[in-house]
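Working notes, beginning with the structure itself.
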2 protein chains.
Amino acid sequence: MEFNESKNIFLQIRDWVADQILQGKIVAGEKIPSVRELAVEMEVNRNTVMRSYSLMEEEGIIENKRGIGFFVATDAKRNLLKMQKQTFLSDELPSILHQIEVLKLNSVDLQILIQTIQSNDHENQ
Amino acid sequence: MEFNESKNIFLQIRDWVADQILQGKIVAGEKIPSVRELAVEMEVNRNTVMRSYSLMEEEGIIENKRGIGFFVATDAKRNLLKMQKQTFLSDELPSILHQIEVLKLNSVDLQILIQTIQSNDHENQ
DNA sequence: TTTAGTGTCATAATACACTATGACAGTATA
DNA sequence: TATACTGTCATAGTGTATTATGACACTAAA
């Protein structure tokens with residue numbers, strides 16, 4: 001996997017797994033890749049994956065079953081949605097707004113952005 | 001200054017100076033804070049500031065005058081606008097779009113974002 | 001019971017960001 | 001000339017992310 005240089009790998013792995021859950025590619029109760037398995041797949045040391053999983057366990061989005069592996073926790077998706085939404089709005093959005101102001105980006109530059117938001121308006125629930 | 005944990009300090013200092021230029025708080029030809037001065041102000045080692053300045057010199061947005069200090073390069077603002085705009089659209093926007101889709105953020109959640117973009121539409125030049 | 005798969009812990013080594021200092025050459029000013 | 005600024009370079013130390021391994025307990029299945 002390709003990692004961003006300016007962000008810790010174990011955090012990017014956490015983000016990747018969280019994204020899989022949010023996209024519904026892994027559902028509650030389902031087993032996620034084993035520590036060793038994901039380490040090989042991402043070409044990373046198993047200790048690094050272990051660190052990501054420990055973090056996610058603390059966050060309550062995955063749970064461990066002795067000798068078997070890690071599983072997606074009940075309500076993981078709902079909790080992730082809540083957490084990530086709040087993080088995005090309070091931590092990331094301000095920086096984004098600032099860049100848009102400074103760079104004077106208008107609705108032509110950001111046409112795709114506006115379309116993406118509007119398409120979410122037409123979704124139910 | 002408060003730094004983000006998951007991004008290198010010398011990059012954040014670069015971003016800060018670049019932002020000052022983009023906002024017009026420092027103009028072309030003007031002297032920027034000395035290495036030692038900014039180091040004290042940001043409570044950081046002078047070598048770290050030196051690293052940021054070296055990077056910006058390579059990017060051509062500041063220039064050095066022997067024994068005097070660093071100065072904002074001619075066209076620094078114009079070049080920064082071009083560079084940052086491209087970086088934002090190609091590197092950051094895709095990730096933002098992905099998060100908006102996954103988190104199902106609508107125009108109510110992102111009301112401020114839309115307003116910010118629209119206010120740029122009414123600007124001249 | 002044996003085998004192969006889980007996570008977990010400990011240890012050591014490497015890489016790099018950041019800090020802490022000292023020293024030196026160039027420039028401006030008193 | 002003397003002083004006080006500039007940037008620059010070198011050196012050493014610290015903290016931490018990441019890697020590399022080995023060993024161990026637990027579980028499932030042959």
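Atom set for the values below is all heavy atoms of this structure, side chains included, hydrogens, waters and symmetry mates excluded. The chains referred to below are lettered A, B, ... by the order of the sequence lines, with proteins before strands, and numbering in each begins at 1.
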Report the distance from atom [atom1] of [X] to atom [atom2] of [N], rounded to the nearest whole Å.
{"X": "Phe3(A)", "N": "dA17(D)", "atom1": "CZ", "atom2": "P", "answer": "15 Å"}
{"X": "Phe70(B)", "N": "dT27(C)", "atom1": "CZ", "atom2": "P", "answer": "15 Å"}
{"X": "Arg51(B)", "N": "dA17(C)", "atom1": "CZ", "atom2": "C1'", "answer": "7 Å"}
{"X": "Asn64(A)", "N": "dC26(D)", "atom1": "CG", "atom2": "C1'", "answer": "10 Å"}
{"X": "Asn4(A)", "N": "dT18(D)", "atom1": "CG", "atom2": "P", "answer": "12 Å"}
{"X": "Arg14(A)", "N": "dT18(D)", "atom1": "CZ", "atom2": "P", "answer": "15 Å"}
{"X": "Lys31(A)", "N": "dG5(C)", "atom1": "NZ", "atom2": "P", "answer": "12 Å"}
{"X": "Ile13(B)", "N": "dA17(C)", "atom1": "CD1", "atom2": "C1'", "answer": "12 Å"}

Check side chain to side chain contact (heavy atoms under 4.5 Å, CB included) between Ser107(B) and all other residues, then give those that pass, not counting sequence neighbours.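 Expected list: Ile117(A), Asp121(A), Ile114(B).
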
Please enumerate all residues that pass side chain to side chain contact (heavy atoms under 4.5 Å, CB included) together with Ser6(B), with sequence neighbours excluded. Lys7(A), Leu11(A), Asn4(B)

If only side-chain N and O atoms count, and only distance matters, is there a donor-acceptor pair under 3.5 Å linking Asn8(B) with Gln12(B)?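 No - no donor-acceptor pair under 3.5 Å links their side chains.
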
Base, sugar-phosphate alone, or nothing: which one does Glu5(A) contact when heavy atoms must sit under 4.0 Å apart?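 Here Glu5(A) touches no strand at all.
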
Do Glu41(B) and Met1(B) have side-chain heavy atoms sitting under 4.5 Å apart? no

Would you mind telling me which residue lines up with the more 5' stretch of DNA chain C, Val44(B) or Ser34(A), judged by nearest nucleotide? Ser34(A)

Hey, what do you get for CE (Met56(B)) to CG (Asp15(B)), rounding to the nearest 0.5 Å? 9.5 Å

How long is the straight-line distance from CE of Met83(B) back to CD1 of Ile61(B), given to the nearest 0.5 Å? 6.0 Å

Above 12 or not: heavy atoms from other molecules or residues under 6.0 Å from CD of Glu30(A)? yes

Counting distance alone, no hydrogens or angles: does the base of dA17(D) have a donor or acceptor under 3.5 Å from a partner atom on the side chain of Asn8(A)? no

If each of Glu37(B) and Glu43(A) is mapped to the nucleotide of DNA chain D with the nearest heavy atom, which maps nearer the 5' terminus, i.e. the 5' end? Glu37(B)

Asn45(A) or Lys65(A): which one's nearest nucleotide on DNA chain D is closer to the 5' end?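 It is Asn45(A) whose nearest nucleotide is closer to the 5' end.
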
May I ask you to verify if any side-chain N or O of Thr48(A) is less than 4.0 angstrom from the OP1 or OP2 atom of dA17(D)? no

Taking ring-ring contact (aromatic ring centres under 6.0 Å, His included) as the test, write out the residues that go with Phe71(B), two or more places apart. none

Quick one: the dot-bracket string of DNA chain D, using Watson-Crick and G-U wobble pairs with both distances under 3.5 Å, [ ] for crossing pairs and | for bases paired to another strand. ||||||||||||||||||||||||||||||

Residues forming a salt bridge (charged side-chain N to carboxylate O under 4.0 Å, His left out) with Lys31(B), sequence neighbours excluded: none

Return the polar atom pairs (N/O with N/O) between nucleotides 22-26 of chain C and the protein under 3.5 Å, or none.
from	atom 1	to	atom 2	distance (Å)
dG22(C)	N7	Arg46(B)	NH2	2.9
dG22(C)	O6	Arg46(B)	NH2	2.1
dA23(C)	N6	Arg36(B)	NH2	3.4
dG26(C)	N2	Gly67(B)	O	3.2

